[in-house]
Amino acid sequence: NQQKDIETRKKQLTVLSVAIVIILCILLVILVMHLRMRRYMRSLFENKVEQTKHDTLISETVIEDDLENKELFAIYNGVLALMNEKKLSSMEHISISDISLETRIAEEKISKAIQLFGNKDFRTFLDTYFIDDICKKMIKNGKNLSLKKMVSDYAFPNYSAFQKQFKEITGLTPEQF
């Protein structure tokens with residue numbers, strides 16, 4: 001009788017051990033799939049950035065004949081250059097008026113250039129610019145980056161608003177990215 005109990009316990013331990021090994025294998029597969037998905041999503045973002053550069057080149061060839069669009073294209077690129085040059089990172093302090101004063105270009109022309117070549121209004125243009133910048137920093141620094149600090153650095157109203165904008169622009173939450 002005691003021998004049967006020992007045999008039963010051995011069988012139970014064997015079954016339990018096999019179940020634990022199977023569960024660990026499943027978790028390992030899920031982890032590998034998750035890491036691949038993150039790498040894939042980051043590559044999509046990097047490709048998006050690269051595509052943006054190509055779109056600029058395509059736009060340049062398309063507008064060669066149209067003088068007004070050529071001027072607007074130059075304005076759009078000038079705004080991007082200004083933002084890159086000044087390393088603008090605080091949304092609360094940037095307005096179209098500030099950019100207009102800095103570039104000495106009328107607000108209406110800047111707005112029209114952003115709508116035409118950025119396909120968005122000024123606020124969405126800024127959000128996209130800042131979130132793209134945050135994504136680049138996330139790719140570069142990985143887990144060492146504090147998202148809460150980034151939210152305050154870029155002056156988003158709160159973390160929830162940042163998450164909503166991030167997901168709208170990238171298709172992922174910051175944590176998924």
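Owing to the predicted nature of the structure, the values given are computational and were not obtained by experimental measurement.
Separation of atoms CG (L126) and CD1 (I99) is listed at 6.0 Å; rounding is to 0.5 Å. The CD1 atom of I131 lies 13.0 Å from the NZ atom of K167; values are rounded to the nearest 0.5 Å. The line from CD1 of I26 to CG of L31 is 14.0 Å long, rounded to the nearest 0.5 Å. Considering CD of Q12 and CG of D5, their distance stands at 9.5 Å, rounded to 0.5 Å. How far CD of Q165 is from CD1 of I134: 10.5 Å, rounded to the nearest 0.5 Å. Note that the CD1 atom of I22 and the OG atom of S17 stand 11.0 Å from one another [nearest 0.5 Å].
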Evaluation steps, side chain to side chain contact (heavy atoms under 4.5 Å, CB included), between Y76 and L116:
CA-CA 9 Å; Y76 178 76; L116 183 63; over 6 Å; no
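Under a hydrophobic clustering in which Ile, Leu, Val, Met, Phe, Trp and Tyr are joined whenever their side-chain heavy atoms come within less than 4.5 Å, directly or via other members, Y40 and F166 fall into the same cluster. In the hydrophobic clustering of ILVMFWY residues, with side-chain heavy atoms under 4.5 Å counting as a link, L24 and M33 come out apart.
You'll find the side chain of S100 stays beyond 4.5 Å of the side chain of I105, heavy atoms only. Contact check for K112 versus K109: no side-chain heavy atoms found under the 4.5 Å cut-off. By the 4.5 Å heavy-atom criterion applied to side chains, M37 and H34 are counted as neighbours. Here the side chains of Y159 and Q163 are in contact, with some heavy-atom distance below 4.5 Å. Annotation: side chain of N77 is in contact with side chain of L80 (closest heavy-atom distance under 4.5 Å).
Of all non-hydrogen atoms in T103 and L82, the two that sit nearest each other are CG2-CD2, 4.0 Å.
Side-chain atoms of S111 do not come within 3.5 Å of backbone N or O of E107 as any donor-acceptor pair.
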